[in-house]
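These notes concern the structure reproduced below.
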Amino acid sequence: MKRIAVLTSGGDAPGMNAAIRAVVRTGVDKGWEVFGVRHGYAGLISGDLLPLSARDVSGVIQLGGTMLGSARSLEFKTEEGRRKAIRSLSERGVEAVVVIGGNGSQTGSQALCQMGFPVVGVASTIDNDLYGSETCIGVDTALNIALEAIDRLKVTASSHQRAFLIEVMGRNCGYLALMAAIAGGAEAVVIPEVDTDPEEIAVALRCGYERGKPHALVVVAEGAEYNAAGLARYFEEHKERLGFELRVSTLGHIQRGGAPGAFDRLLATRLAAAAVEELERGVSGVLMGLIRGEIVATLLADVVANKKALDLSLLELAQVLAK
Ligand code: F6P
């Protein structure tokens, strides 16, 4: 192996820069040339590659976002787009790519592998919905950002005896919402994996008040059937009967832009360095993820074929702890 490339794709996640840095420095340590691809798969198609030295990745480990830029490329989903990408890589003599990203990005990795180009993926998405890694790069930081918001909302909610809906990201996965609800001490949580009856939410909030709680917080996953706007509408329409006025805070992209904490910096560094080691051993078509505290390579074919399950016993725990 002489030349490899690294790219970040899909939604940026805190820790991506630490992963880029680890790919570059581990590769340089082996005497390889490392190229950074700008703007994800779009840059792969247009040949937007830049050589990266160990110095080029100085001072980025503590930064959120991605120094290479990211994108969601529709063209790469076509076979012709992927052919163009392989052509760009071959023209520069690049022999393998490390793809740092989540579900969509690793589907792209698998498609490239199936066309014969070596790829190793690195599990990175704040949604934590990627099969092959119990925790992905960015999740811990995003969760801490959500918690900071929840803690603050609890202070103001308690001062006014108010009820709040806090919507968190996660696409179709309730992981961030569920963990934020448990760690933030919310009165209720709404996730896509479980049907929600707004009437039950009203009961949970009322019971909380009756038990003497000064606030009522509901963490809502953006992908739930009733997202925050939908729930607020329901409560507004049945205001007289339910007796609640709900205020809504949508955290949105604020969760994604933070500086990575220690956990994400270390996870990103370990997964990315392991990706380069796999390439050196001649392995490709795998995703590097964290399973039971170990760095594990899972076949990309399995990653794209399986849906990661959310541990619903944690939902019961959230309900018990809301007492
Ligand atoms: O996949 C990460 C994520 O932040 C999701 O939680 C969210 O639904 C989506 O990306 C938002 O995408 P975009 O930044 O393209 O609006």
Side-chain angles (χ1 to χ4, degrees), residues 7-20 38-43 63-77 99-110 121-150 165-181 183-184 189-193 219-231 248-261 264 267-268 271 287 289 303-304 306-308 310:
L7 64 85
T8 49
S9 165
D12 60 299
M16 277 184 159
N17 283 323
I20 296 166
R38 277 200 279 243
H39 311 300
Y41 287 123
L63 304 178
T66 161
M67 62 177 278
L68 292 175
S70 189
R72 304 190 195 276
S73 166
L74 287 179
E75 193 181 356
F76 191 76
K77 291 186 176 169
V99 173
I100 303 165
N103 259 321
S105 313
Q106 304 308 342
T107 302
S109 302
Q110 169 65 353
V122 170
S124 174
T125 165
I126 67 161
D127 302 338
N128 211 26
D129 58 351
L130 190 59
Y131 185 88
S133 194
E134 285 165 1
T135 301
C136 300
I137 297 168
V139 173
D140 184 68
T141 304
L143 194 48
N144 276 301
I145 293 167
L147 284 179
E148 191 182 334
I150 289 171
L165 296 176
I166 304 134
E167 186 174 288
V168 300
M169 275 190 165
R171 204 177 285 277
N172 299 317
C173 175
Y175 182 90
L176 270 185
L178 184 51
M179 298 304 140
V189 57
V190 180
I191 55 176
E193 290 82 355
V219 181
V220 184
E222 66 173 353
E225 185 196 350
Y226 276 102
N227 62 7
L231 262 185
V248 176
S249 275
T250 301
L251 301 189
H253 291 80
I254 287 170
Q255 283 158 107
R256 250 173 40 188
D264 280 324
L267 178 65
L271 292 183
L287 173 85
V303 171
V304 300
N306 286 286
K307 194 170 156 35
K308 183 169 168 182
L310 185 62

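Whatever order the structure lists them in is the order used to number ligands and atoms, beginning at 1.
- The NE2 atom of H253 sits 12.5 Å away from atom CD1 of I145, with the distance rounded to the nearest 0.5 Å.
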When you check ligand 1 against the protein, what N or O pairs turn up below 3.5 Å? List the atom names and distances, or just say none.
unit_1, atom_1, unit_2, atom_2, d
ligand 1, 1 (O), D127, OD2, 2.7
ligand 1, 1 (O), R171, NH2, 3.4
ligand 1, 4 (O), R256, NH1, 2.8
ligand 1, 6 (O), D127, OD1, 2.6
ligand 1, 6 (O), G170, N, 3.1
ligand 1, 6 (O), E222, OE2, 3.3
ligand 1, 8 (O), E222, OE2, 2.5
ligand 1, 10 (O), R72, NH2, 3.1
ligand 1, 10 (O), R171, NH2, 3.4
ligand 1, 10 (O), R256, NH1, 3.1
ligand 1, 12 (O), R72, NH2, 3.0
ligand 1, 14 (O), H253, NE2, 2.9
ligand 1, 14 (O), R256, NH1, 2.8
ligand 1, 14 (O), R256, NH2, 2.9
ligand 1, 15 (O), R72, NE, 3.1
ligand 1, 15 (O), R72, NH2, 3.3
ligand 1, 16 (O), H253, NE2, 3.2

Exercise. Kindly determine whether L130 and V303 satisfy side-chain contact (heavy atoms from CB on, under 4.5 Å), including the steps that lead there.
Key: CA-CA 7 Å; L130 190 59; V303 171; 3.7 Å; yes
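- Between the side chains of Q106 and S109, at least one donor-acceptor pair of N or O atoms lies under 3.5 Å.
- Checked by atom type and distance alone, the side chain of T8 pairs as donor or acceptor with a backbone atom of G69 at under 3.5 Å.
- For Y175, the ring-ring contact (aromatic ring centres under 6.0 Å, His included) criterion is met by no residue, not counting sequence neighbours.
- Here the side chains of T125 and N103 are not in contact, with every heavy-atom distance at 4.5 Å or above.
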